[in-house]
Amino acid sequence: MTRSHAEVVIIGGGHNGLVAATYLARAGHEVAVLEARSELGGAVASKAVFEGVAARLSRFSYLVSLLPTLIIDELGLRLELRSRQVRSYTPVDSGGLLIERQEGRLTHESFRALTGDDREYRAWTALEAGLRELAVAVEPTLTAPLPRAAELRDRVDQELWSSVVERPLGELVEARFANDTVRGVVLTDALIGTFTSAHDPSLRQNRCFLYHMIGNGNGEWKVPVGGMGTVTAELVRVAQEAKVSIQINCPVVSIKPLADSGATVYLRDGQSISADMILVNCAPATLQQLLGTPCEPPVGSQTKINIVLRRLPRLRSGIEPAVGFAGTLHLGQGYARLQQAYQESSSNQIPEPMPCEIYCHTLTDGSILDPELRAAGYHTLTLFGMHTPANLFAADPAGSRERAKDAALRSLQSVLAEPLAPCLALDRRGEPCIEVMTPLDIEAELGMLGGHIFHGDLDWPWLADDTSVATPAERWGVATGYPGILMCGSGAVRGGAVSGLGGHNAAMAVLEGD
Ligand SMILES: Cc1cc2nc3c(=O)[nH]c(=O)nc-3n(C[C@H](O)[C@H](O)[C@H](O)COP(=O)(O)OP(=O)(O)OC[C@H]3O[C@@H](n4cnc5c(N)ncnc54)[C@H](O)[C@@H]3O)c2cc1C
């Protein structure tokens with residue numbers, strides 16, 4: 001067995017691992033990143049998925065909201081994050097609810113046409129204003145040591161704080177809105193990546209909702225020009241410039257904490273590396289496995305479907321496809337339907353119709369398509385199927401993947417004015433360009449246990465008023481219980497999503513302890 005030593009070892013070269021590595025290497029640390037897969041970036045990746053079709057899809061994650069400008073600027077990342085013209089569209093019977101990115105006349109008229117008067121629109125704009133206040137208070141704290149809840153509570157409307165932070169979100173939704181579609185549009189953000197219901201007393205839905213609302217102080221979800229792979233490419237560039245040592249195809253198989261601080265990591269090929277500090281980019285449950293203390297994996301519940309189209313299909317409501325597909329297209333996401341779908345999947349059934357979100361990258365950024373495909377009118381669709389927990393797929397992974405695909409495509413077909421099949425692009429073998437990944441597939445591809453897209457349910461991005469914190473790791477929300485081992489990924493407090501926050505905050509904790 002070969003043994004070596006490094007100052008800092010980072011387990012995983014996901015986007016967070018790369019962020020941490022660059023901050024620490026620039027501060028003078030000797031940093032080694034060990035990545036299990038043959039590619040870096042984890043869930044932040046682009047790939048030409050379909051043979052013979054030159055479309056580089058954001059294969060896993062697809063939109064950016066929570067990556068702070070501070071991290072982009074400090075690392076010098078050359079990224080363009082582009083706004084979508086439409087925030088969301090929800091087809092309903094022969095009409096629909098259109099919400100512009102900058103809510104104006106069309107949004108107002110759409111609310112009125114759907115709901116009959118201005119009450120829902122006024123309730124919507126009031127909630128938006130309150131959430132903006134909360135976002136402006138919380139967002140700057142994300143790249144600083146954890147604030148106390150009281151510091152933030154004192155800065156926002158008390159009723160809003162109580163209904164977002166202290167009581168199940170379903171109460172807010174039902175008290176403020178009467179229309180089922182509007183209620184569903186609000187609730188959806190609480191359920192993306194979180195398997196739960198509106199009234200879950202654990203409030204995990206509230207925490208998920210909060211993260212969807214606070215990015216860069218306005219909650220806007222932006223399109224990375226060039227696709228998600230450009231984010232990783234930039235992070236790799238700055239890491240390499242900072243002289244980070246990066247090894248791919250290098251899975252860590254176990255970790256042994258050392259008595260005083262630091263730990264030894266053991267690799268698949270029998271080598272071991274001892275380090276003063278280990279940063280863990282993989283999920284907290286994976287860390288437990290590596291430490292030899294297995295725990296229940298988290299429950300991932302999203303099915304990701306990547307599609308390439310020869311052209312956008314027409315929508316039954318008559319809205320221009322270039323408008324309807326330009327933002328987040330909500331399908332089967334009425335409030336009652338979301339609740340019912342949760343019951344169905346909790347009883348081990350694939351929900352039908354499946355609640356889905358769809359987004360067309362190429363309406364905002366065509367650069368991920370080869371110019372010929374662009375000129376021919378091709379488009380890409382990302383479909384996120386909700387309430388599809390991993391256990392639905394355990395007994396028959398291939399058969400249930402096919403059933404989930406059919407349920408998701410039926411959801412899409414139900415709002416179209418024409419059959420979807422002729423609109424689908426075909427790969428070199430003549431097969432429709434549709435890639436389906438259940439939570440089990442996401443786990444197999446990325447090592448994300450349970451296929452949980454955030455490595456586990458999200459935490460409040462602050463400290464409870466009565467929690468005491470002593471170490472830099474605790475102050476920054478990256479502690480693991482072992483002094484020489486810190487979380488640096490999605491599983492850190494505030495780490496979830498494409499944000500770099502797990503990496504940034506772990507690096508800051510290390511530097512504070514220097
Ligand atoms: C399908 C999907 C869609 C999503 N959509 C969005 C979105 O649009 N916007 C958004 O903000 N978020 C989205 N998310 C969530 C977001 O992508 C993740 O939360 C985030 O990318 C996690 O980044 P990370 O660097 O912390 O971890 P990961 O991306 O999981 O990277 C961890 C790395 O560690 C490696 N690793 C694991 N175990 C070991 C080991 N034993 N040894 C060595 N290496 C190991 C893995 O191979 C991986 O490269 C999505 C996630 C998924 C899966």
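As the structure lists them, so they are numbered: ligands from 1, and atoms in each ligand from 1. Here the structure is a predicted model, which is why all the values come from computation and not from measurement.
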A.B. asks: From the options Met448, Met228, Glu35, Lys222, select the one whose nearest heavy atom is closest to atom 49 (O) of ligand 1.
C.D. replies: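 Going through Met448, Met228, Glu35, Lys222 one by one, Glu35 has the nearest heavy atom to atom 49 (O) of ligand 1.
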
A.B. asks: Does any N or O of ligand 1 fall below 3.5 Å from an N or O anywhere on Ile11, backbone included?
C.D. replies: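 The answer is no, given that Ile11 and ligand 1 share no N or O pair closer than 3.5 Å.
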
A.B. asks: State whether the shortest distance between N or O atoms of Ala36 and N or O atoms of ligand 1 falls below 3.5 angstrom.
C.D. replies: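 Such a contact does occur with ligand 1.
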
A.B. asks: Report, in ascending order of atom number, the atoms of ligand 1 lying under 4.0 Å from any heavy atom of Cys282.
C.D. replies: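 By the 4.0 Å cutoff, the relevant atoms are 37 (C), 38 (N).
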
A.B. asks: Looking at ligand 1, does any of its N/O atoms fall within less than 3.5 Å of an N/O of Gly496?
C.D. replies: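 Between Gly496 and ligand 1, no N or O pair is found under 3.5 Å apart.
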
A.B. asks: As an exercise, identify every atom of ligand 1 less than 4.0 angstrom from a heavy atom of Val44.
C.D. replies: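 Selected atoms, number and element: 21 (O).
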
A.B. asks: Does the distance from a Lys or Arg side-chain N to an Asp or Glu carboxylate O, for Glu241 and Arg237, drop under 4.0 Å?
C.D. replies: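 Result for this pair is yes, salt bridge flagged.
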
A.B. asks: For the 3.5 Å polar cut-off, considering only N or O atoms, please tell me whether Ala497 and ligand 1 meet it.
C.D. replies: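 Yes.
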
A.B. asks: Looking only at distance, does Tyr62 have an N or O less than 3.5 Å from an N or O of ligand 1?
C.D. replies: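 N/O-N/O distance below 3.5 Å exists for this pair.
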
A.B. asks: Consider every N or O of His15 and every N or O of ligand 1, then say whether any pair is closer than 3.5 Å.
C.D. replies: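 Yes, since at least one N or O of His15 sits under 3.5 Å from an N or O of ligand 1.
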
A.B. asks: Under 6.0 Å between ring centres: does that hold for Phe384 and Tyr359?
C.D. replies: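 Distance test on ring centres: not under 6.0 Å, no.
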
A.B. asks: Check whether any heavy atom of Gly42 sits under 4.0 Å from an atom of ligand 1.
C.D. replies: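 The answer is yes: ligand 1 sits under 4.0 Å from a heavy atom of Gly42.
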
A.B. asks: Pull out every atom of ligand 1 sitting under 4.0 Å from any heavy atom of Arg37, numbered as shown with elements.
C.D. replies: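 Matching atoms, with element in brackets: 47 (O).
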
A.B. asks: Do any nitrogen or oxygen atoms of Leu290 come within less than 3.5 Å of a nitrogen or oxygen of ligand 1?
C.D. replies: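 Among all N and O atoms of Leu290, none is under 3.5 Å from an N or O of ligand 1.
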
A.B. asks: Atoms of ligand 1 less than 4.0 Å from Leu446 heavy atoms?
C.D. replies: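 Heavy-atom distances to Leu446 below 4.0 Å select 46 (C), 47 (O).
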
A.B. asks: What atoms of ligand 1 come closer than 4.0 angstrom to any heavy atom of Trp221?
C.D. replies: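 This gives 9 (N), 10 (C), 11 (O) as the contact atoms.
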
A.B. asks: Do other residues, nucleotides or ligands put more than 12 heavy atoms under 6.0 Å from Arg82 CZ?
C.D. replies: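 Counting other residues, nucleotides and ligands, CZ of Arg82 exceeds 12 neighbours.
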
A.B. asks: Any nitrogen or oxygen of Asn16, main chain or side chain, under 3.5 Å from a nitrogen or oxygen of ligand 1?
C.D. replies: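 In this structure, Asn16 places an N or O atom under 3.5 Å from an N or O of ligand 1.
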
A.B. asks: Leu63 to ligand 1: N or O pair under 3.5 Å?
C.D. replies: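 By distance alone, the answer is yes.
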
A.B. asks: Pull out every atom of ligand 1 sitting under 4.0 Å from any heavy atom of Gly489, numbered as shown with elements.
C.D. replies: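 Near Gly489, the atoms of ligand 1 are 26 (O).
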
A.B. asks: Would you say the side-chain atoms of Gln333 pair up with the backbone N or O of Cys356, donor to acceptor, closer than 3.5 Å?
C.D. replies: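 Confirmed, Gln333 side chain pairs with Cys356 backbone.
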
A.B. asks: Give the atom numbers and elements of ligand 1 that come within less than 4.0 Å of a heavy atom of Ser61.
C.D. replies: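 Selected atoms, number and element: 2 (C), 3 (C), 4 (C), 5 (N), 6 (C), 7 (C), 8 (O), 13 (C), 14 (N), 17 (O), 50 (C).
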
A.B. asks: Taking distance alone, with no angle check, do Ile453 and ligand 1 share an N/O pair under 3.5 Å?
C.D. replies: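 Yes; the residue has a nitrogen or oxygen that sits under 3.5 Å from a nitrogen or oxygen of the ligand.
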
A.B. asks: With atom 1 (C) of ligand 1 as the reference point, say which of Tyr359, Phe60, Tyr211 has the nearest heavy atom.
C.D. replies: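 Shortest heavy-atom distance from atom 1 (C) of ligand 1: Phe60.
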
A.B. asks: Salt bridge between Lys243 and Glu30, side-chain N to carboxylate O under 4.0 Å?
C.D. replies: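 Between Glu30 and Lys243 there is no salt bridge, as every charged N stays at least 4.0 Å from the carboxylate O atoms.
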
A.B. asks: May I ask whether His455 has any heavy atom positioned less than 4.0 angstrom from an atom of ligand 1?
C.D. replies: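 Under 4.0 Å: yes for His455.
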
A.B. asks: For Thr388 and Ser301, indicate whether the former's side chain and the latter's backbone hold a donor-acceptor pair under 3.5 Å.
C.D. replies: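 Flag set: sc Thr388 to bb Ser301 pair under 3.5 Å.
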
A.B. asks: Does Leu34 have a heavy atom less than 4.0 Å from any atom of ligand 1?
C.D. replies: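 Yes, Leu34 has heavy atoms under 4.0 Å from ligand 1.
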
A.B. asks: Quick one: does Gly495 get within less than 4.0 Å of ligand 1, heavy atoms only?
C.D. replies: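 Flag not set, Gly495 not near ligand 1.
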
